[in-house]
Amino acid sequence: MKYNFSEIEQKWKQYWTDHNTYAVANTTDKPKHYVLDMFPYPSGAGLHVGHPLGYIASDIYARFKRMQGFNVLHPMGFDAFGLPAEQYALDTGQHPAVTTEKNIARYKEQLNNIGFNYDWSREVQTSDPKYYKWTQWIFSQLFHSWYNNKTQKAAPIADLITIFEQEGNAGYPSPKETEMFNAETWNAYDEAAKRHVLMQYRLAYLDYAEVWWCAALATVLANDEVVNGVSERGGHPVEKKKMRQWFLRITDYADNLLSSLDHLEWSEAMKEMQRNWIGKSEGAQIGFSIAGTDHSIEVFTTRPDTIFGVDFMVLAPEHELILDITTAAQKEAVESYITYVKSRSERERMAEKKISGCFTGAYAVHPFSGKQIPIWISEYVLAGYGTGAIMAVPSGDERDFAFANHFNIPITNIFGDHYTGEHAFTDKNVSIENSDFISGLSIAAATEAVLTAVAEKGIGKRTTNFRLRDAGFSRQRYWGEPFPIVYKNDIPYTIDEPELALQDADKTLPVLLPHVDTYKPGPNGEGPLANIDSFVHLTNSAGEILRRETNTMPGYAGSSWYFLRYMDPHNDTEFVGADTAQYWNQVDLYIGGTEHAVGHLLYSRFWTKVLYDLGHIGFNEPFKKLLNQGMIQGSSRFVYRLNTSINKSNKNTFTGQVTEDKGAINPLLPSVNPNDNPIIFVSESIAKKLRTKDDTEAKTIIDDFLTPINKGLSEKYNGKAVYISTEYIINAIHVDVSMVDGVELDIEQFKQWRAEYNNAEFILEDGKYICGAEVEKMSKSKYNVVNPDEIVAQYGADTFRMYEMFLGPIEMSKPWDTKGIEGVHRFLKKLWRLFFEEQQEQTQWLVVDEEPTKEELKALHKTIKKVADDIEKFSFNTTVSQFMIITNELHELKCHKRAILEPLVALLAPFAPHVAEELWQRLGHDTSVAAADFPKFEEQYITESAKLYPIAINGKHRTNMEFALDAATEAIEQEVLANEIVQKWLEGKPHKKIIFVKGKMINVIV
RNA sequence: GCGGGUGUGGUGAAAUUGGUAGACACGCUAGACUUAGGAUCUAGUGCCGCGAGGCAUGGGGGUUCGAGUCCCUCCACCCGCACCA
């Protein structure tokens, strides 16, 4: 009986659905394990073979853990809100809800096709009101919370109000600088004033701030959604714009987010990316007074020890004091420099390497020496970092050094002989010189001394700076979660607050996203919701007309907490039940790509920490272990088209320069009638020769290969010769990989691809058309996308799953090669033949109940050990190899014994669940193999009594000899020396020494 | 520039952590069975050499009886960050 994978897989998929095989209970005696895939956004393009790589790995791991006796939570759902669906709606008029639903259905179908053991009863979709009700609820929690720096925890804002009422804010300065007030003042504030103050503390707060505005997308973007000065999605230009926006005060958690990274089992690269993004730097803030004014400028420095090396000061062009301090003489120059900076896009400023700047005419006064320090402005100082002002120490900082040189500012040397005048001296293992009271001190000691001194003078203090900014949380878009916020007298309240006095129907969550027919932006940069009067305006029980927040939440809102909802997806009264959350706890294994390093992974850590601080969950990190799968790259195929046209003058000339113009249509022949233009494709090796820069050789090839063809074509084209373009000989054109078998083109299929190719001519090699190949990103435009559905149809899901794992280590990127899948498919067929006689039409069951031999047991237990160890190491490629090895071994041993094959089927079940189920059933079981126990490894079967030792002479391997493991060393040495081959290499010389490593090797030194 | 990672056959890759480099596959070459083969099986396949043998894990140096693995140094590629004070 043949291995009929499509029948088998069909049957078991149905069985799993019918029997709810993968349903997971929240109450059980078993220990829990939580295996999670990163939330997919269901794009219109569907899955390609690169996407399931991580899903397969997590599926194997989840199945393995389950067979080991764990209660395994392994859910799947969809991040369904987001910009692409809305852009698509703008383009096509289809409602995002409709396209999203369609895309999700397609994704689910593709996922199910691969045989994943998801508990679909736990599926969540962020755009489902039952889900976003709780996203809104968490937002309310953030709104009604503040970060207490004394306890280092988030706490209810009500606690803060109590504090203010009793003692004012003296002990609790706000994260942004607000006025200090006592209890009396606070109690005298009116509602608006109180609310205004509280807004400075809330974890979700409204603020006028510079945000990244993307005009093309008509929305603001978060810092991590802007990459290299353009929007991450779509690559549109962005600009800074001051807007009133919601923010999340993630900066309060900067230290916590940074320090708890150390305890996570994440890759170093991933942790580094987060550390980088958080960007902690410790230093000091020091105030410099400005000569002849009352102003002083705060600078941030990480090197207070270099304070006597300050030669000038630089302010960001956006610094607010610039106009106040600039002298009349410099006013014009400064203003024109600021205008110049404003005219430049963020992208240009980032790319700029040229030094520019402008002197303000003002001088700061050195706090210790009293020296006059010129104040400059320059775009290399960033307004958003530190205080937007620096003290420049050219002898100790490269950029300051370059700036001083460019503008001829004299440089003070504070490093003695270490500073040569050629470069800044940035080494940190020296003592400071020429620096008054800190001369001779080490950097650390000098830093302490300066910090003490500035503190005594009251002009400076130790500070820590973060690169991390608070997260913008408003989007001027339709397809997202509405805020549970209503404004009264321009003060925002959550809908349940009594001050609003909303009618019952309006004060409970969720705030539903209204249906719209158009997605045009609203007035004044507001989102589409602002156009819907019935949504925006609502009347409270006092008859007042109030206004809703019209922005929606960003894409990361729903994905910041989804892993919690899977635990308890149908809970109507809580976002997750407390006991349930306690049971499932952290995600034990989280698998996904590296692209979420600083976005999703940082926000979900932040949300988790807040929910923990507020007592809603019992853990403060969401993802214990993180595994990043590599990308599967596409393997593109090319055909090589000759640039030809009919030569009107009937001459066959070639004077060409040989150029490759990959993927482009010949630019020289834009609008010729295809009938006038014979299309000729040459096979790869010919194209390669034609691509040579040697014109003479190219000519010869053209004569050899093309003249005969030319004759034939001439007849077709009324006797005219074919003319080879003098500019470009060939174009390499991407060809759809589905029309290529390995590298051989299916010419007939290719001809049908595009009308103009119907009559194309092909110049073959060895009777075949061979395509060129290159590894590129898998993408539609490169025609190298491979759809898993096609692979599953051709080879089956089990083969597909094992092949993806077999490709190499999970975290490495590697190209897809459809050809290679045959090896894995052959393996499964070979495995099948251990159970069935394939040649016979009828079921010919080969399995017997005989006692297994020592050798067979050894093969089995070696495999049990290897599989279990490797799965724990996520080394799935070597596990697949081991399955191949034991299958080959059992065939050699002609072993068809149940005692061996039954455990083997169980071992295989996580990898190839369909065929494992089928064989398991044929072996006489009436329950799913998923419920079977993972086979137990027994040491006794693999212990050996003898070892075939490699014998080396002077470290070079020469022969092998077998010895009992308990043989005496002397006896072995004697026997080795007596060995013929050893004798030969000794060449009669006496041996110096014998290195004998028991169980490993023997080395004879001459 | 800084940080992280990777370099092993024609290709994807193994190597119990210092002990027989290239397991397992793809591809390729022969052959067998076949009307046929995109089925199956057998043999071969790192490079040089007829051979004995020699050379081989990005390059160079070192430690060691022994190095893909440890140390130093240089190079290439990939990813992230980047006037971050």
Side-chain angles (χ1 to χ4, degrees), chain A residues 2 227-228 267-277 279-281 283 299-303 306 314 316 349-353 355 378-382 384-393 396-400 402-403 465-467 594-595 597-598 628 630-631 635 741-743 773 794 803 806-809 811-827 829-830 833 838-839 865-866 869 875 877-885 887-888 891 948-960 992-997 999-1006:
Chain A
K2 276 217 160 108
V227 176
N228 296 329
S267 71
E268 211 35 55
M270 213 62 172
K271 290 185 190 179
E272 267 313 305
M273 277 188 237
Q274 291 223 337
R275 287 190 193 112
N276 240 319
W277 189 258
K280 181 178 185 173
S281 56
V299 300
F300 174 72
T301 177
T302 54
R303 293 287 302 273
T306 62
V314 188
R349 282 181 68 174
M350 284 201 288
E352 184 59 71
K353 291 279 176 272
I355 298 163
S378 173
E379 63 177 337
Y380 87 86
V381 174
L382 305 177
Y385 186 77
T387 59
I390 62 161
M391 55 176 226
V393 182
D397 181 281
E398 289 294 351
R399 282 158 316 148
D400 297 347
F403 192 86
N465 224 331
F466 293 95
R467 201 190 79 113
T594 52
E595 67 273 17
V598 292
N628 299 114
M631 261 201 316
S635 185
D741 179 25
V743 287
Q794 202 176 348
Y803 182 55
F806 186 63
L807 278 174
E811 60 275 67
M812 296 291 197
S813 290
K814 54 241 151 187
W816 175 262
D817 171 24
T818 302
K819 244 345 202 195
I821 201 168
E822 309 254 347
V824 175
H825 192 60
R826 253 172 237 156
F827 148 70
K829 283 197 285 192
K830 197 165 180 180
R833 291 200 305 273
E838 204 179 26
Q839 299 308 102
K865 184 170 166 52
K866 178 99 179 130
D869 289 355
S875 175
N877 54 328
T878 51
T879 316
V880 177
S881 294
Q882 185 56 39
F883 282 123
M884 291 174 170
I885 291 168
T887 303
N888 291 344
H891 266 285
L948 187 68
Y949 283 92
I951 312 293
I953 317 290
N954 284 339
K956 277 204 195 317
H957 175 230
R958 296 298 177 190
T959 184
N960 299 311
K992 221 192 237 163
K993 191 161 137 193
I994 296 179
I995 315 268
F996 170 64
V997 186
K1000 295 273 189 197
M1001 47 74 68
I1002 297 162
N1003 189 6
V1004 182
I1005 313 301
V1006 187

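Protein chains get the first letters and strands the later ones, always in sequence-line order, with residue 1 at the start of each. What you see is a predicted model; the values in this text were computed from it and never measured.
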Would you kindly give the [atom1]-to-[atom2] distance between [X] and [N], to the nearest whole Å?
X        : N     : atom1 : atom2 : result
A:Asp869 : B:U17 : CG    : C1'   : 14 Å
A:Tyr385 : B:C84 : OH    : C1'   : 4 Å
A:Met812 : B:G12 : CE    : P     : 12 Å
A:Trp816 : B:U11 : CH2   : P     : 20 Å
A:Asp400 : B:C84 : CG    : C1'   : 12 Å

Review point. Phosphate oxygens OP1/OP2 of B:A39: is one of them under 4.0 Å from a side-chain N or O of A:Arg833?
Key: no
Side-chain contact, heavy-atom cut-off 4.5 Å: [X] with [Y]?
X         : Y        : result
A:Val1004 : A:Phe996 : no
A:Met391  : A:Val393 : yes
A:Thr878  : A:Lys866 : yes
A:Leu807  : A:Asn877 : no

**Study point:** Base versus backbone protein contacts along nucleotides 19-26 of chain B [heavy-atom cut-off under 4.0 Å; B, S, -]
**Key:** BB--BBSS
Point to revise | Per-nucleotide protein contact string for nucleotides 76-81 of chain B, where B marks a base within reach and S marks sugar-phosphate only (heavy atoms under 4.0 Å, - for neither) | key: ----SS
Just how far is it from atom [atom1] of [X] to atom [atom2] of [Y], taken to the nearest 0.5 Å?
X        : Y         : atom1 : atom2 : result
A:Phe300 : A:Ser281  : CZ    : OG    : 4.0 Å
A:Ile994 : A:Asn1003 : CD1   : CG    : 9.5 Å
A:Phe827 : A:Thr887  : CZ    : OG1   : 4.0 Å

How far, in whole Å, is [M] from [N] if one measures between their [atom1] atoms?
N     : M     : atom1 : result
B:A13 : B:A25 : C1'   : 9 Å
B:C48 : B:A39 : C1'   : 38 Å
B:G46 : B:C24 : P     : 13 Å
B:C26 : B:A21 : P     : 25 Å
B:C47 : B:G9  : P     : 11 Å
B:C84 : B:A14 : C1'   : 44 Å
B:U69 : B:U63 : C1'   : 14 Å
B:A23 : B:U45 : C1'   : 15 Å

Exercise for review: Indicate syn or anti for B:U17, taking the glycosidic torsion and treating anything within 90° of 0 as syn.
Suggested key: syn
Exercise for review: Indicate syn or anti for B:G9, taking the glycosidic torsion and treating anything within 90° of 0 as syn.
Suggested key: syn
Per [X] side chain, nearest of listed nucleotides [options]:
X        : options             : value
A:Lys829 : B:A39, B:A13, B:G54 : B:A39
A:Ala269 : B:C84, B:G4, B:G12  : B:G4
A:Arg958 : B:G54, B:G4, B:U40  : B:G54

Study note, to complete from the structure: Between A:Gly384 and A:Glu268, the residue closer to the 5' end of RNA chain B by nearest nucleotide is A:Glu268
Regarding [X], tell me which of base, sugar-phosphate or nothing describes its non-hydrogen contacts under 4.0 Å with the strands shown.
X        : result
A:Val314 : nothing
A:Pro809 : sugar-phosphate
A:Glu595 : nothing

Side-chain donor or acceptor of [X] paired with backbone N/O of [Y] under 3.5 Å:
X        : Y        : value
A:Gln274 : A:Val598 : no
A:His891 : A:Lys830 : yes
A:Lys814 : A:Met812 : yes

Practice item. Taking all heavy atoms of A:Tyr385 and all of A:Gly279, pick out the closest pair and write down the distance. Key: OH-O, 4.4 Å
Check your understanding: So, A:Trp816 versus A:Tyr803, ring centres under 6.0 angstrom or not?
Key -> yes
Exercise for review: For the pair A:Tyr380 and A:Phe403, name the ring-plane relationship: parallel under 30°, tilted 30 to 60°, perpendicular over 60°.
Suggested key: tilted
Point to revise | Pair assignment for RNA chain B - dot-bracket with | for other-strand partners, Watson-Crick or G-U under 3.5 Å | key: (((((((..(((......[....)))((((((.......))))))(((....)))..(((((..]....))))))))))))....
